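Heads up: the structure comes next, in structure tokens.
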2 protein chains.
Amino acid sequence: MATIKDVSQRAHVSPATVSRVINGGNGVSDVTRAAVLAVIDELGYQPNAFARSLATNRSGGIGVVVSEVSSAVYGGILQGIESVTERHGMHLLVSSGHARAERERKAFEFLRQRRSDALILQLDGAQDAEVVAWSRLGVPLVVVGRRVEGLADRCVFLDNVAGGELATRHLLDRGHRRIAHIAGLPSIQDARDRFTGYLQALADHGVPFDASLVADGGFVEEGGQRAMRRLLEGGEPFTAVFAANDQSAAGAMRALRDAGLSVPDDVSVVGFDDTLLAHYMVPSLTTVRQPLREMGQAAATLALARLGIAAREEVNLRFEPVLVERESVAAPRAGHTPA
Amino acid sequence: MATIKDVSQRAHVSPATVSRVINGGNGVSDVTRAAVLAVIDELGYQPNAFARSLATNRSGGIGVVVSEVSSAVYGGILQGIESVTERHGMHLLVSSGHARAERERKAFEFLRQRRSDALILQLDGAQDAEVVAWSRLGVPLVVVGRRVEGLADRCVFLDNVAGGELATRHLLDRGHRRIAHIAGLPSIQDARDRFTGYLQALADHGVPFDASLVADGGFVEEGGQRAMRRLLEGGEPFTAVFAANDQSAAGAMRALRDAGLSVPDDVSVVGFDDTLLAHYMVPSLTTVRQPLREMGQAAATLALARLGIAAREEVNLRFEPVLVERESVAAPRAGHTPA
DNA sequence: TTGTATGCGTTATCAA
DNA sequence: TTGATAACGCATACAA
């Protein structure tokens with residue numbers, strides 16, 4: 001493999017000049033530049049990334065911690081990140097945290113040691129305090145999909161409270177009053193926020209909260225199914241349900257179908273995330289979309305800005321959820337109570 | 001940030017000794033080792049990855065080119081790859097090729113220049129000849145999800161012909177004789193192989209091939225929908241359809257529903273890939289599963305073996321498809337022809 | 001505009 | 001078992 005020295009000798013210039021040509025080429029005469037370029041081409045010379053990194057203390061890599069390298073829910077974030085890093089010639093070091101604090105810590109340390117120029121973190125397990133501690137370690141760091149107290153200026157997140165409100169309000173606007181909620185994992189802030197939004201929407205419409213209409217779905221399909229069964233068995237009537245994510249909504253719909261109830265005729269359902277399956281379910285699922293790609297792009301732009309690479313443009317940090325209307329919501333049947 | 005020199009001075013040994021301690025520590029007395037380790041801990045010393053790479057000419061990174069960083073279809077491959085690289089302390093450099101030769105070439109060059117110790121390629125666009133040329137460039141290279149002629153010993157792939165056969169045979173076994181096929185992108189080998197499997201199964205059962213029962217679905221939902229519409233309009237009767245992937249199967253089912261036909265009562269449907277949506281469709285989709293995680297793991301193991309890192313165990317290269325039976329297939333109705 | 005010389009932090013070779 | 005020292009390949013401060 002040809003080195004900068006090989007090029008310099010063959011071009012009858014110094015290594016420094018070759019280096020200049022490679023890096024922008026300021027302060028090099030046109031003739032020398034052309035000569036050097038010719039030799040570079042001739043030799044098929046490519047700078048050694050290691051040596052360059054050692055000299056500049058830059059890797060050209062952005063480390064990313066995600067809950068899962070390929071996630072049906074958060075995949076869009078990674079796509080968004082890549083779309084901008086690619087444009088700036090940076091590469092991606094990806095490691096997954098599996099939504100567990102310990103694994104996330106390991107992934108973080110790993111990527112940091114590998115000298116990522118900056119880190120983008122999508123964390124589920126780690127505590128706020130820990131993330132704050134990490135932020136003091138020197139590596140520029142951006143958090144995505146979460147708002148960490150104390151790092152507000154480097155967090156790209158969805159307003160989940162607004163999302164919960166949006167979903168619930170949509171049902172209220174259609175005339176529903178008895179609206180159940182299938183909650184997500186209580187350990188996850190997103191889940192709590194969506195629940196808060198649900199409560200706020202009810203309060204805004206003067207609908208009293210009924211705790212017996214809330215069941216735990218744990219963000220998974222089976223959980224949603226069990227939750228819906230419990231709600232039906234509970235005997236408290238309701239005409240609609242807001243599930244904290246699409247998967248638990250799918251489970252709920254399955255339980256409703258098993259109980260011989262029709263969606264949306266007997267019960268309306270709203271999900272959250274707008275994952276692929278929302279489109280494919282029958283009836284297709286009305287849900288709340290997270291603009292994941294855009295969030296990923298914002299996070300990456302923020303990270304690059306911290307490195308002085310991307311223009312320090314205005315980056316949106318708080319993203320608003322969007323209601324995607326499909327077929328799973330209808331007005332409540334007059335005088336009908338399914339449960 | 002502390003360097004090896006700082007450690008050596010404080011421990012009153014040479015940098016060389018510190019280096020030895022870090023890398024296995026052979027040929028170091030227990031006392032010195034303990035002393036060095038203590039200082040390392042005290043200073044929070046971490047070796048500089050760049051310098052180490054420059055000296056060893058190894059990055060500890062595996063480059064991966066995938067069609068999409070987060071793909072509903074191929075995501076499992078990346079998960080499988082990560083599960084083994086993680087175990088060996090290697091990191092992942094990920095870049096996407098967007099299923100286009102030009103982008104794939106760029107991604108390959110990029111990762112190669114970034115000095116990945118090895119590359120794992122999941123390619124859709126690049127020609128075989130090009131991949132073979134790449135393999136001569138020096139970087140150990142493994143291809144996944146495809147069998148490249150001339151690189152057979154480093155290709156991890158699914159037997160797509162067997163998959164096409166499996167799907168078609170399943171329908172034949174249920175008594176279907178008029179079986180349509182919604183083909184995938186003709187430019188992609190997988191699509192052609194699945195079609196070949198379809199033909200073979202028909203031939204094995206003595207069922208004559210009818211070209212008017214084949215329509216192009218292009219691997220996408222709308223394509224599948226259009227294809228099914230064309231098949232129905234074509235007027236040739238059929239009682240089942242094998243779609244080259246789940247998405248086009250979903251489109252086909254949509255078209256059938258729009259035409260007032262029932263799945264599986266009027267028409268049975270088999271898909272391919274066993275993506276998430278197969279589980280969520282109504283009726284849920286009988287389909288052919290690719291063992292993607294396992295394939296990813298095999299590819300990674302192969303790559304590490306080429307680096308002399310993982311044990312050179314026997315790695316399975318050819319993977320067999322698995323039929324996943326769900327609700328979209330039934331025996332044909334006696335004397336009934338939908339189209 | 002160009003060249004010289006040095007440093008970046010390791011690993012590895014060779015002696016001791 | 002340990003140490004001195006030369007690579008590794010590039011960027012850059014300083015000189016010319």
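This structure is a prediction, so every number in the text was calculated from the model and none was measured. First the proteins, then the strands, lettered A, B, ... as listed; each starts at 1.
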Can you pull out how bent the helix from C:dT1-D:dA16 to C:dA16-D:dT1 is, comparing the axes over its first five and last five pairs, to 10°?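 The end-segment axes of the helix from C:dT1-D:dA16 to C:dA16-D:dT1 are tilted 30° relative to each other.
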
Tell me if the CZ atom of A:Arg33 is crowded by more than 12 foreign heavy atoms within 6.0 Å.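 Above 12, so yes.
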
Should the heavy atoms of other residues, nucleotides or ligands under 6.0 Å from CD of B:Gln127 be counted, would the total exceed 12?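 Incorrect, the count does not exceed 12.
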
Mind checking if [X] touches a base, just sugar-phosphate, or nothing, with heavy atoms under 4.0 Å?
X: A:Asn57; value: nothing
X: A:Thr32; value: sugar-phosphate
X: A:Ser19; value: base
X: A:Val13; value: sugar-phosphate

So, the side chain of [X] versus the backbone of [Y]: is there a donor-acceptor pair under 3.5 Å, distance only?
X: A:Gln46; Y: B:Gln113; value: no
X: B:Asp6; Y: B:Thr3; value: yes
X: B:Glu104; Y: B:Leu123; value: no

Who pairs with B:Phe219 by ring pair (Phe, Tyr, Trp, His ring centres under 6.0 Å), at least two apart in sequence or on another chain?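 Scan of B:Phe219 (ring pair (Phe, Tyr, Trp, His ring centres under 6.0 Å), adjacent residues dropped) gives none.
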
Contact nearer the 5' end of DNA chain C, comparing B:Arg20 with B:Pro47: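 Nearer the 5' end of the strand: B:Pro47.
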
What are the bounds, 5' to 3', of the part of DNA chain C that sits under 4.0 Å from heavy atoms of chain A?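 Terminal contacting nucleotides, 5' to 3': C:dT1 to C:dG9.
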
Steps toward side chain to side chain contact (heavy atoms under 4.5 Å, CB included) verdict (A:Arg87, A:Ser83): CA-CA 7 Å; A:Arg87 203 179 312 144; A:Ser83 73; 4.3 Å; yes

How would you list, by chain and number, every residue that makes a salt bridge (Lys or Arg N to Asp or Glu O under 4.0 Å) with A:Glu320, sequence neighbours excluded?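 Testing A:Glu320 for salt bridge (Lys or Arg N to Asp or Glu O under 4.0 Å), a comparison that skips the adjacent residues, returns none.
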
Tell me, please, which residues at least two apart from B:Arg52 pass salt bridge (Lys or Arg N to Asp or Glu O under 4.0 Å).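 For B:Arg52 there are no salt bridge (Lys or Arg N to Asp or Glu O under 4.0 Å) partners, ignoring immediate neighbours.
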
Parallel, tilted or perpendicular, as decided by the 30° and 60° cut-offs, for the rings of A:Phe108 and A:Trp134: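 Correct class here is parallel.
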
When you list every nucleotide of DNA chain D with an atom under 4.0 Å from a heavy atom of chain A, which one comes first 5' to 3', and which comes last?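 So the contact region on DNA chain D extends D:dG9 to D:dA13.
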
Assess the residue pair B:Arg146 and B:Asp128 against the criterion (salt bridge (charged side-chain N to carboxylate O under 4.0 Å, His left out)); give the C-alpha distance rounded to whole Å, side-chain angles, the decisive distance to 0.1 Å, and a yes or no. CA-CA 10 Å; B:Arg146 171 163 167 181; B:Asp128 276 15; 2.9 Å; yes

